[in-house]
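Not measured: the values here are computed from a predicted model. Positions are given from 1 along the sequence.
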Amino acid sequence: MKCTSRSGVTKASSMSLVAGALAGGLLAGTGSGAAADGAALRRAPVAPCTNAQLVANSAQRMGSSEVRVTVINQGPEPCALDGFPTVALAGQGSPDRNKPLGVVRQGSVGPVQLAVGGRASTQLSFTPVLGEAGGYCASGADPFVAPSIVVGVAGGRQQLAPDDGGDFALCGSSVRATAFRAAGS
């Protein structure tokens, strides 16, 4: 027995229309929800990089008083690197035996998302030693010379030599450094 509503449409027919609309809406919502979930996963924040994830092979000379240090995320997960490095001069031994330098921060800072294999770099600029051989500082101070630097990144330290096999030579006790940014930018 069919019941007729005032509009003249049977309740059974309107129930099947409502059920069909709900089912269609739920199925359509499932597809767009899955796409939204996938997009949310791609935008999900990644954990900060740890020193154990990062490796730096050398300090690439960019001139007589500048070097670029590039770190590579060796995984196992993507990570975010943020901030400025610390820098110290060191000999050939332990990175714990070093002479810390003051870091004068250059430019703005922002997080760099590093996929596994991704690279970020910082540019270090020293006050140059003038002259030949023994060299001198324009300030009259004695120059510092060291075969390696220790770069503090992601809570740890990486000891690096210049890529040309020379020494680091500088005047003063500070270095100018840019924040880490995606390599090549």
Side-chain angles (χ1 to χ4, degrees), residues 27-127 144 146-170 173-185:
L27 291 176
T30 301
S32 62
D37 289 345
L41 288 175
R42 286 189 294 276
R43 288 189 309 260
V46 296
C49 295
T50 64
N51 191 57
Q53 283 179 275
L54 302 175
V55 66
N57 294 328
S58 70
Q60 179 186 12
R61 279 223 205 261
M62 304 302 292
S64 63
S65 62
E66 294 181 345
V67 294
R68 179 183 307 136
V69 175
T70 301
V71 294
I72 303 164
N73 177 7
Q74 290 195 319
E77 303 271 331
C79 64
L81 183 60
D82 198 6
F84 293 87
T86 60
V87 183
L89 293 175
Q92 298 289 10
S94 169
D96 294 331
R97 298 182 153 245
N98 62 56
K99 176 188 176 3
L101 300 174
V103 174
V104 178
R105 297 174 173 194
Q106 305 285 303
S108 61
V109 64
V112 178
Q113 301 269 338
L114 295 176
V116 174
R119 298 169 182 260
S121 62
T122 181
Q123 183 114 0
L124 307 177
S125 302
F126 304 95
T127 302
F144 292 101
S148 67
I149 59 172
V150 178
V151 177
V153 57
R157 294 184 289 251
Q158 307 252 348
Q159 187 167 3
L160 305 167
D163 64 346
D164 64 3
D167 288 333
F168 293 99
L170 68 136
S173 58
S174 65
V175 60
R176 293 172 303 284
T178 62
F180 283 99
R181 59 183 174 247
S185 66

Which pairs would a plain distance check flag for residues 148-156, meaning a side-chain donor or acceptor within less than 3.5 Å of a matching protein atom at least two apart in sequence or in another chain?
unit_1: S148; atom_1: OG; unit_2: A90; atom_2: O; d: 3.1
unit_1: S148; atom_1: OG; unit_2: G91; atom_2: O; d: 2.6
unit_1: S148; atom_1: OG; unit_2: Q159; atom_2: NE2; d: 2.9

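In this structure, CZ in R181 is found 14.0 Å from CG in D82, a value given to the nearest 0.5 Å. With values rounded to the nearest 0.5 angstrom, F126 atom CZ is found 7.0 Å from L101 atom CG. Rounding to the nearest 0.5 Å places CD of E77 at 8.0 Å from CD of Q53. Going from atom OG of S125 over to atom CD of Q106 covers 7.0 Å, rounded to the nearest 0.5 Å.
With sequence neighbours left out, N51 forms a side chain to side chain donor-acceptor pair (under 3.5 Å) with Q158. In this structure, R176 has no side chain to side chain donor-acceptor pair (under 3.5 Å) partners at least two apart in sequence or on a different chain. In this structure A161 satisfies the side chain to side chain contact (heavy atoms under 4.5 Å, CB included) test with no other residue, sequence neighbours excluded. Partners of A177 by side chain to side chain contact (heavy atoms under 4.5 Å, CB included), not counting sequence neighbours, listed by chain and number: P85, V103, T122, L124. R119 pairs by the salt bridge (Lys or Arg N to Asp or Glu O under 4.0 Å) definition with nothing, not counting sequence neighbours. In this structure, P48 has no side chain to side chain contact (heavy atoms under 4.5 Å, CB included) partners at least two apart in sequence or on a different chain. By the side chain to side chain donor-acceptor pair (under 3.5 Å) test, S65 is found to be paired with no residue, residues two or more places apart in sequence or in another chain being considered. A169 pairs by the side chain to side chain contact (heavy atoms under 4.5 Å, CB included) definition with V129, V145, not counting sequence neighbours.
Legend: salt bridge (Lys or Arg N to Asp or Glu O under 4.0 Å) pairs involving residues 56-74, not counting sequence neighbours, sorted by first then second residue: R61-D164. Residue pairs meeting the disulfide (SG to SG under 2.5 Å) criterion with at least one member in residues 50-118, sequence neighbours excluded: C49-C79.
Closest non-hydrogen pair, Q74 versus V116, comes out as C-CG1, 4.4 Å. Nearest heavy-atom pair, T70 versus A183, reported as atom, atom and distance to 0.1 Å: CG2-CB, 4.4 Å. V69 approaches A56 most closely through the heavy-atom pair CG1-CB, 4.3 Å.
When each of N57, L81, V112 is checked for a side-chain contact (heavy atoms from CB on, under 4.5 Å) with V71, only L81 meets the rule.
Without hydrogens or angle criteria, N73 side chain to L114 main chain gives a donor-acceptor distance under 3.5 Å.
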